[in-house]
Amino acid sequence: MTDHAPDSADAGFDSAIEALERQLSLLWRRARANSHRVARSVHPDMEPAAYGLLLILQRERSLRLTELAAAIGVGKPSVSRQIAMLEQLGLVGKQADPLDGRAQSITLTPAGLEKLAEAQAARKIAFHERLGDWSVEDLSTLGHLLDRLNASYANEPPIH
């Protein structure tokens, strides 16, 4: 923070940050509600936070618990609890890591792959319904700006 009185540029920046905060707050509330719906479409007992874990496992195919925790920026105990729940639901499985037999590698089960694909297809339809009147340029710009925003948070310490 500076010791001088804000000039018009500072006031404009502050005003833009306040508007951004309002819009992000609204987006996050809506995203949380949507996450509940998407998670329930994968399995009625699945917690919303677990959907992101399934997406990472789909992309990476197989990860250790510590790698999965690092990928989402939370502590290992939080991810361990989510993985145990997903394993009970039959959506993920654990195997001995081929590179280190003491460690376990986590992968999606065939049922997990199928349920995730169904949820993704439904989500894609929802995006088309909501954003169908947007131009490709606007969608690309939004994606780029969100990428920049996410990158600015990338070096935060994990949440425990």
Side-chain angles (χ1 to χ4, degrees), residues 17-132 134 138-160:
I17 291 291
E18 289 169 9
L20 177 62
E21 182 180 25
R22 282 191 305 276
Q23 292 304 315
L24 285 176
S25 180
L26 177 60
L27 178 63
W28 286 328
R29 282 194 309 273
R30 288 180 175 161
R32 274 194 303 274
N34 190 51
S35 291
H36 284 280
R37 285 190 298 275
V38 171
R40 301 294 186 259
S41 73
V42 174
H43 192 284
D45 297 327
M46 192 172 98
E47 294 179 18
Y51 182 77
L53 296 176
L54 296 179
L55 291 176
I56 292 168
L57 288 171
Q58 180 188 45
R59 182 182 68 231
E60 300 296 329
R61 303 216 189 267
S62 177
L63 288 173
R64 293 180 185 179
L65 191 62
T66 53
E67 295 168 329
L68 196 50
I72 61 170
V74 300
K76 188 176 170 183
S78 297
V79 174
S80 181
R81 184 179 61 78
Q82 292 290 332
I83 291 299
M85 183 264 309
L86 291 171
E87 192 173 24
Q88 288 176 342
L89 297 177
L91 302 174
V92 302
K94 295 177 184 173
Q95 303 81 20
D97 189 313
L99 301 175
D100 180 355
R102 300 167 297 172
Q104 291 186 321
S105 184
I106 303 162
T107 58
L108 291 171
T109 63
L113 285 165
E114 181 182 336
K115 290 290 194 178
L116 183 58
E118 290 170 5
Q120 288 173 314
R123 199 166 188 170
K124 187 175 184 179
I125 290 168
F127 273 120
H128 276 273
E129 290 170 355
R130 286 173 181 82
L131 304 173
W134 285 44
D138 284 348
L139 290 171
S140 296
T141 298
L142 178 61
H144 172 73
L145 293 172
L146 289 172
D147 182 56
R148 277 183 61 192
L149 178 63
N150 285 323
S152 69
Y153 284 94
N155 294 323
E156 284 191 1
I159 300 168
H160 294 283

Specify the closest pair of heavy atoms between [X] and [Y], including all atoms of both residues, with the distance to one decimal.
{"X": "L57", "Y": "I106", "answer": "CD2-O, 3.3 Å"}
{"X": "A39", "Y": "P48", "answer": "CB-CA, 3.6 Å"}
{"X": "G90", "Y": "A111", "answer": "O-CB, 3.9 Å"}
{"X": "L65", "Y": "S80", "answer": "CD2-CB, 3.7 Å"}

With rounding to the nearest 0.5 Å, note down the distance linking [atom1] in [X] to [atom2] in [Y].
{"X": "H36", "Y": "M46", "atom1": "NE2", "atom2": "CE", "result": "11.5 Å"}
{"X": "K115", "Y": "S41", "atom1": "NZ", "atom2": "OG", "result": "8.5 Å"}
{"X": "N34", "Y": "Y51", "atom1": "CG", "atom2": "OH", "result": "9.0 Å"}
{"X": "N150", "Y": "L145", "atom1": "CG", "atom2": "CG", "result": "11.0 Å"}
{"X": "L116", "Y": "E118", "atom1": "CG", "atom2": "CD", "result": "9.5 Å"}

- Message: Between R81 and E47, does any side-chain N to carboxylate O distance fall below 4.0 Å?
- Response: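 The answer is yes: the pair qualifies as a salt bridge.
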- Task: Compute whether any side-chain donor of one residue and acceptor of the other, for Q95 and T107, lie under 3.5 angstrom apart.
- Result: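 Present: a donor and an acceptor within the cut-off.
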- Does any donor atom in the side chain of S25 or R29 lie under 3.5 Å from an acceptor atom in the other side chain?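 A pair is found: one side chain offers a donor N or O, the other an acceptor, under 3.5 Å apart.
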- Around atom CZ of R59, are there more than 12 heavy atoms of other residues, nucleotides or ligands at under 6.0 Å?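 Above 12, so yes.
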Under 3.5 Å: donor-acceptor pair, side chain of [X], backbone of [Y]:
{"X": "T109", "Y": "L91", "answer": "yes"}
{"X": "R30", "Y": "L26", "answer": "no"}
{"X": "R64", "Y": "A103", "answer": "no"}

